[in-house]
2 protein chains.
Amino acid sequence: MHNRCMIDPRLITLRVFARCGTVGATAELTGYSPSAVSAQLRELQRVLGMQLLTKDGRGVRLTATGRFLVEGSDTLISEWESLRAAAMEAGDQVQSRFGLGGFSTAAAQLLAPLAASLRSTHPLLQVQVLEANPARCFDLLVAERIDLAVIVAMQSDSYGEDDPRFEQTVLLDDPLDVILPASHPLASRKTVTLEELATEPWITEAAGSTYHSLFTAAFTAVGVTPRIAHEAVEWETQIAFVGAGLGVGLLPRLAPLHNAENVVRLHIAGKGKPARRIVAAVRRGSITSPLIQESLGILQVSAARILNDRPKDDL
Amino acid sequence: MHNRCMIDPRLITLRVFARCGTVGATAELTGYSPSAVSAQLRELQRVLGMQLLTKDGRGVRLTATGRFLVEGSDTLISEWESLRAAAMEAGDQVQSRFGLGGFSTAAAQLLAPLAASLRSTHPLLQVQVLEANPARCFDLLVAERIDLAVIVAMQSDSYGEDDPRFEQTVLLDDPLDVILPASHPLASRKTVTLEELATEPWITEAAGSTYHSLFTAAFTAVGVTPRIAHEAVEWETQIAFVGAGLGVGLLPRLAPLHNAENVVRLHIAGKGKPARRIVAAVRRGSITSPLIQESLGILQVSAARILNDRPKDDL
DNA sequence: ATATCCATGCACAATAGGTGCATGATTGAT
DNA sequence: ATCAATCATGCACCTATTGTGCATGGATAT
């Protein structure tokens, strides 16, 4: 399972460790056991003749040398990805495994068709799809568990757009809609503005979650401070809360309302049209790989189809 | 023994194969058995999902993809060497193994003191010295069997000065002297010119050898075509031939005459003062490594000392 | 003081990866 | 045309790397 890389897997492990800081978390991300991670890092130090880790309290911490090595390895990894991509391209070769990662609705609406398409066109390609939140998707890319991730762009998160480890491609902007109880005075409207809903009790996710930052960003853009009344983790829960009349919420258009009772979805009008940007991310250098290129193409088509299927987007 | 590299060792094996063309030779150079090389290359193709080799007669041959990958891997390797060197430098770490390679007189006069010096200053460093001819030294560098080679620069050979895999540093120019039988009419002279010896029967190495090209280069420089009477492989043999009055020869100043009877060594005068250039070669990127730097320093000192010990050099 | 969390060492198990020999295919020489 | 030489590869076997699971020990927070 762990033989897909040309760079020493122990260095990959070190990179994951540099990201998450503890041996246990590294083990979880890489799929090894904690003992294995510990042994790998010890071996790596022995082979390289470098001290990469120091005890720090009850954990371990990277030394300056370790940090240096990890940072420097960014270019090494992308160099390899580049080379592999070019070689695949030059010789129209087929790779055997392909890992995809994505988050909930993105995974459902974009990744599933992609995986199906790849399966049919490349019968002997082992496609694996992992559902994971955006932050974890980046970690999984670093850990080489997946090769492509479809995620919601996070502006203020730890992985910037210019991270030397990744390359990102915008797929589509998924507008946020308002969901109201059917009994709400504004429920019969076609559109609403956030200002009109400024005093409503809002339902959102817990602070620190992926969508919470989107939520606050939407309101700060129009200069309104919403009152957060309830918190939900799943869309379904949030919809149920709204249906029960507990408050109102924001729901990405890609998230299906199914046939929820007592809930209506309204597009947002006005200058601040909040949206979540959905992007595809790959390891830097791998973007020219034929499989990646094909996948991105399929994703773009899916994204375009999604936008076309919803002609009211330009409201 | 073979765990010193951060790049997949199978890729290194492929690179060596690209150099020598047969599985057997690759096995000999890398230190594996032929079966192991075969299995490694098969595995590499499986893991990468690329066809790198094709059957060609009774052997195998690189495909276009294979060649592409090998060429592209040059920068990858040097990138890694660079990174490792920088990390070692940044954290004044010590590496555990260090392989040196060199050829006969160079090995004796430059490598041995270097190895001794490194041994004393780095007690727990495993220094290994391999005697090998220049071409093989380059192969051993590619195969990662050695880290530094002291060789005689070859102008027209397969490894040019600008090979992307190596970096070379000039250590010294070792002048070629003439050795004559003591009974020779010119034996009492202080110096001679090649023109004066144009009609002599010459003793040299077999065509195609390292020094044969030096030999011919020396004469073409002064526009003389020597008559090659005898061939010898070892310096000792050549000296014995000269001592027996069979002819005259060229001998690098670094090659000791010991106390050979009936043989005198004369410096060459005139415009064409032939010399063999002795250089140190390392894998590209590794030259900033502390150990390499220290070694090069020691070598330079040795080279300077050698030149000073022979004050007649500027004749 | 006690509970908890984290890394690590150890016994054991799996497996990747090695060698040596036999085999088959191809080329060149007698 | 036969035979020898050369080369790659498959197979049986073995080794040693590298994994897991559990127990241990140090460090912190309650």
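Because the structure is a prediction, the values reported are computed rather than measured. Here is how names work: the chains are called A, B, and so on, in the same order as the sequence lines, proteins then strands, and each is numbered from 1.
- In this model, the phosphate group of C:dG18 is approached by a side-chain N or O of B:Y32 to a distance below 4.0 Å at OP1 or OP2.
- One can place CZ of B:R42 at 13 Å from C1' of C:dG18, the figure rounded to the nearest angstrom.
- Note: CD (A:E28) to P (C:dA7) measures 13 Å, nearest angstrom.
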Nucleotide N/O of nucleotides 5-8 of chain D paired with protein N/O under 3.5 Å:
residue : atom : partner : partner atom : Å
D:dA8   : OP1  : B:V23   : N            : 2.6
D:dA8   : OP2  : B:V23   : N            : 3.0
D:dA8   : OP2  : B:G24   : N            : 2.8

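- Not counting sequence neighbours, A:E79 has no partner by the salt bridge (charged side-chain N to carboxylate O under 4.0 Å, His left out) test.
- Partners of B:S286 by side chain to side chain contact (heavy atoms under 4.5 Å, CB included), not counting sequence neighbours, listed by chain and number: B:E81, B:V282, B:R283, B:I292.
- When rounded to the nearest whole Å, the span between CG of A:D8 and P of C:dA16 equals 16 Å.
- The CZ-C1' distance, from A:R61 to C:dA7, rounds to 15 Å in whole Å.
- Here D:dT18 presents its P atom at 11 Å from CG of A:L44, a figure rounded to the nearest Å.
- Both A:A36 and A:D56 lie near DNA chain D, and the one whose nearest nucleotide falls closer to the 5' end is A:A36.
- A close approach under 4.0 Å does occur between a side-chain nitrogen or oxygen of A:Q40 and OP1 or OP2 of D:dG19.
- Partners of B:E28 under the salt bridge (charged side-chain N to carboxylate O under 4.0 Å, His left out) rule, at least two apart in sequence or in another chain, are B:R136.
- The CZ-C1' distance, from A:R10 to C:dA16, rounds to 14 Å in whole Å.
- Remark: A:A25 engages A:C20, A:T22 in a side chain to side chain contact (heavy atoms under 4.5 Å, CB included) (not counting sequence neighbours).
- Note: CD (A:Q45) to C1' (C:dA7) measures 13 Å, nearest angstrom.
- If you take CD1 on A:I12 and OG on A:S73, they are separated by 7.5 Å, rounding to the nearest 0.5 Å.
- Listed here is the closest heavy atom pair of B:A281 and B:L141: O-CD1, 3.8 Å.
- A donor and an acceptor atom never sit less than 3.5 Å apart when one is taken from the side chain of A:S35 and the other from the base of D:dG19.
- Take A:R61 and apply the side chain to side chain contact (heavy atoms under 4.5 Å, CB included) test, not counting sequence neighbours, and it matches A:T54, A:D56.
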